[in-house]
There are 2 protein chains.
Amino acid sequence: MLRVDSIDQLIVSQLVADARSSYAEIGKVVRLSAPAVKRRVDRLLDRGILRGFTAVVDAEALGWGTEAFVEVHCRGNISPGQIRQRLEPLAEVVAAYTVSGAADAIVHLRAADIHHLEDALERLRAVDIIDRTVSTVVLSTLLERSPAPEPHDTAH
Amino acid sequence: MLRVDSIDQLIVSQLVADARSSYAEIGKVVRLSAPAVKRRVDRLLDRGILRGFTAVVDAEALGWGTEAFVEVHCRGNISPGQIRQRLEPLAEVVAAYTVSGAADAIVHLRAADIHHLEDALERLRAVDIIDRTVSTVVLSTLLERSPAPEPHDTAH
DNA sequence: CCTGAAAAGTGAACGCC
DNA sequence: GGCGTTCACTTTTCAGG
């Protein structure tokens with residue numbers, strides 16, 4: 001796996017800021033011709049560093065006004081794959097992670113309103129491998145952003 | 001504020017799946033001409049339903065291999081704005097929410113490795129308004145996706 | 001990196017419920 | 001009038017040289 005140089009990082013930043021900007025526009029920032037930028041973007045996609053391009057939607061405007069984080073505690077020893085398989089069919093699950101600590105997983109839920117959230121929680125708790133859940137309702141979003149292209153080393 | 005009809009929903013889905021697909025390509029799916037699609041996309045952007053377009057980056061490939069969720073407990077009565085203001089300068093904070101329950105906020109952190117995470121947590125705990133934190137390290141990502149364009153009503 | 005043909009973006013004019 | 005379509009024009013893409 002080859003290096004991602006500083007120009008690649010700048011290209012990624014540009015695309016994170018606006019996935020629809022043209023290669024020429026990116027080229028102006030990184031001082032490269034449009035075809036050169038395209039070749040680098042294609043390579044970043046090939047290598048999986050860029051996974052794709054997506055639209056950022058206002059969940060609230062689309063009617064998903066309520067969200068919650070749910071600690072999930074499972075019965076016995078369950079594999080991550082088993083949890084994933086049971087969570088995937090629930091449309092309200094927007095993210096899920098296995099975690100260290102007391103809980104087995106953290107599930108990020110999105111619902112239309114509190115009633116819909118309650119309904120989603122009920123269906124989540126009905127999953128056979130799930131023992132109990134602890135939910136935390138989100139009151140407001142303070143911040144949401146992509147990580148910088150390179151973690152700047154602060155420790156040295 | 002006017003309705004988002006089923007064609008708008010389909011357009012949003014298409015753009016979430018691939019933000020770089022052409023208007024003509026989207027038009028083929030929704031059975032509309034390219035200019036008609038562009039007009040709808042512009043309107044969705046104007047209304048804030050579409051907030052923009054971004055690249056999906058593989059955080060791991062870029063060296064952000066470790067993440068954690070941190071419950072933040074503040075001293076006294078702190079406004080969301082004050083919390084936001086203190087979290088914004090920390091590059092490792094990718095998301096933050098005020099929440100109901102015991103904690104005041106949940107912070108989603110991304111770091112290069114455990115050492116970097118420890119360092120970021122130290123700087124987070126050093127924030128003057130923060131009393132104490134409870135962190136949960138992510139072991140694996142099970143699922144990460146956008147909500148569907150329309151919350152299908154399950155309750156009625 | 002440059003060049004040129006093909007494709008996409010974009011605004012205007014026009015027609016249809 | 002809102003919304004879609006076609007047309008004309010510009011910009012961008014993208015495959016060789």
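Each chain gets a letter, A, B and so on, in the order the sequences are listed, and its residues count up from 1.
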Next item on the list: Mark up nucleotides 12-17 of chain C, 5' to 3', with B wherever a protein heavy atom is under 4.0 angstrom from a base atom, S wherever such an atom reaches only the sugar-phosphate, and - elsewhere.
Entry: ------
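A:Tyr23 carries B:Arg20 over the face of its six-membered ring, with the cationic atom under 6.0 Å from the centre and within 45° of the normal.
In this structure, B:Asp5 atom CG and D:dG2 atom P are separated by 16 Å, rounded to whole Å. Taking atom CZ of A:Arg40 as the reference point, atom P of D:dC14 lies 18 Å away to the nearest angstrom.
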List, with names and distances, any nitrogen or oxygen atoms from the protein found under 3.5 Å away from nitrogen or oxygen atoms belonging to nucleotides 4-9 of chain C.
unit_1, atom_1, unit_2, atom_2, d
C:dG9, OP1, A:Arg20, NH2, 3.1
C:dG9, OP2, B:Tyr23, N, 3.0

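Taking 4.0 Å as the cut-off between side-chain N and carboxylate O, B:Arg40 and B:Asp5 count as a salt-bridged pair. The residues B:Glu92 and B:Arg123 are annotated as salt-bridged, a charged nitrogen and a carboxylate oxygen being separated by less than 4.0 angstrom. Taking 4.0 Å as the cut-off between side-chain N and carboxylate O, B:Glu88 and A:Arg145 count as a salt-bridged pair. Ion pairing between A:Arg47 and A:Asp42 fails under the 4.0 Å rule for side-chain N and carboxylate O.
No side-chain donor from either of B:Tyr97 and A:Glu67 sits under 3.5 Å from a side-chain acceptor of the other.
With sequence neighbours left out, the side chain to side chain contact (heavy atoms under 4.5 Å, CB included) criterion links B:Arg86 to B:Gln82, B:Val127, B:Asp128, B:Ile129.
Look at B:Ser33 and you won't find any side-chain N or O under 4.0 angstrom from OP1 or OP2 of D:dG4.
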